[in-house]
Amino acid sequence: QVQLVESGGGLVQAGGSLRLSCAASTSIFSISTMGWYRQAPGQQRELVALITSIGSTNYADSVKGRFTISRDNTKKTVYLQMNSPKPEDTAVYYCNVNRPGYINYWGKGTLVTVSS
């Protein structure tokens with residue numbers, strides 16, 4: 001069973017910065033796509049950012065230019081650097097590891113609250 005542990009969530013002021021981390025236990029981390037998703041109360045879970053095994057990234061339009069996803073294969077960790085967060089970014093952020101046909105797991109989530 002794969003374990004994903006998110007950390008770094010908390011309270012941050014609008015315009016500040018925050019970095020989320022997600023450590024994965026899977027042996028195939030390096031060939032998996034890692035993603036950050038979020039879910040606000042009463043809303044659907046949505047994609048925030050993805051990073052593939054070769055480093056290609058994809059971001060939700062709402063966070064482009066503000067958030068950056070990165071990975072460290074040696075540490076089996078994916079990060080989400082959140083710059084200039086807005087109150088609308090408040091949500092529970094979930095880490096995901098995906099390798100089609102092999103694994104697809106989710107972390108427990110970490111709450112990010114952005115105050116104005």
Side-chain angles (χ1 to χ4, degrees):
Q1 187 81 7
V2 174
Q3 285 192 338
L4 296 175
V5 182
E6 301 102 332
S7 62
L11 178 65
V12 63
Q13 289 190 100
S17 65
L18 196 68
R19 190 180 76 160
L20 305 184
S21 298
C22 174
S25 65
T26 178
S27 62
I28 58 170
F29 177 90
S30 64
I31 60 172
S32 301
T33 291
M34 300 299 299
W36 284 101
Y37 294 73
R38 67 187 181 189
Q39 186 168 26
Q43 298 185 244
Q44 296 291 116
R45 184 174 297 186
E46 64 176 354
L47 171 70
V48 176
L50 287 176
I51 184 164
T52 70
S53 61
I54 61 172
S56 297
T57 59
N58 190 34
Y59 298 90
D61 288 341
S62 61
V63 307
K64 286 181 179 177
R66 299 188 297 119
F67 294 4
T68 302
I69 188 170
S70 62
R71 66 191 296 160
D72 185 329
N73 289 342
T74 299
K75 297 180 179 179
K76 294 183 180 180
T77 301
V78 63
Y79 306 93
L80 183 68
Q81 179 66 42
M82 303 170 63
N83 293 331
S84 300
K86 305 173 181 179
E88 307 93 88
D89 295 318
T90 295
V92 174
Y93 284 70
Y94 298 90
C95 179
N96 172 258
V97 58
N98 180 250
R99 178 68 179 182
Y102 291 89
I103 56 171
N104 185 23
Y105 287 92
W106 296 86
K108 297 290 185 181
T110 185
L111 178 64
V112 172
T113 302
V114 184
S115 65
S116 60

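Each residue takes its place number in the sequence, starting with 1.
- Taking every heavy atom of both residues into account, A91 and L111 meet most closely at O-CD1, 3.6 Å.
- M82 and L11 fall into different hydrophobic clusters, where Ile, Leu, Val, Met, Phe, Trp and Tyr residues are linked whenever their side-chain heavy atoms come under 4.5 Å apart, directly or through other members.
- Each of L20 and L50 belongs to its own hydrophobic cluster when Ile, Leu, Val, Met, Phe, Trp and Tyr are linked at side-chain heavy-atom distances under 4.5 angstrom.
- Residues V112 and P85 fail the side-chain proximity criterion, which asks for heavy atoms closer than 4.5 Å.
- Both I28 and V2 are assigned to one and the same hydrophobic cluster, defined by single-linkage of ILVMFWY side chains at heavy-atom distances under 4.5 Å.
- A disulfide (SG to SG under 2.5 Å) check over residues 14-99, counting only residues at least two apart or in different chains, returns the pairs C22-C95.
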Run the salt bridge (charged side-chain N to carboxylate O under 4.0 Å, His left out) test on D89 and K86 for me, step by step, so that the C-alpha distance in whole Å, both residues' side-chain angles and the decisive distance to 0.1 Å come before the verdict. CA-CA 5 Å; D89 295 318; K86 305 173 181 179; over 6 Å; no
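- R99 places no side-chain N or O within 3.5 Å of a backbone atom of S30 that could act as its donor or acceptor partner.
- The two residues N83 and S17 come nearest to each other via the heavy atoms OD1-CB, 3.5 Å.
- Of all heavy-atom pairs spanning K76 and S27, the tightest one is NZ-CA, 3.8 Å.
- Residue pairs meeting the ring pair (Phe, Tyr, Trp, His ring centres under 6.0 Å) criterion with at least one member in residues 75-99: none, sequence neighbours excluded.
- For the pair P87 and A14, the tightest heavy-atom approach, listed with the atom from each and the gap, is CD-CB, 4.2 Å.
- In this structure, the separation between OG1 on T110 and CG on L18 is 8.0 Å, given to the nearest 0.5 Å.
- Distance check, rounded to the nearest 0.5 Å: OG of S53 to CE of M34 gives 12.0 Å.
- For the pair E46 (side chain) and R38 (backbone), a donor-acceptor distance under 3.5 Å is absent.
- Residues A49 and I69 approach most closely at O-CD1, 3.7 Å, considering heavy atoms.
- The main-chain N or O of Q3 is found under 3.5 Å from a side-chain atom of S25 such that the two form a donor-acceptor pair.
- In this structure, Q1 CD and T26 OG1 are separated by 10.5 Å, a value rounded to the nearest 0.5 Å.
- Listed for the N96 side chain is a donor-acceptor partner under 3.5 Å among the backbone atoms of Y105.
- Among pairs with a residue in residues 20-71, those fulfilling ring pair (Phe, Tyr, Trp, His ring centres under 6.0 Å) read Y37-W106, at least two apart in sequence or across chains.
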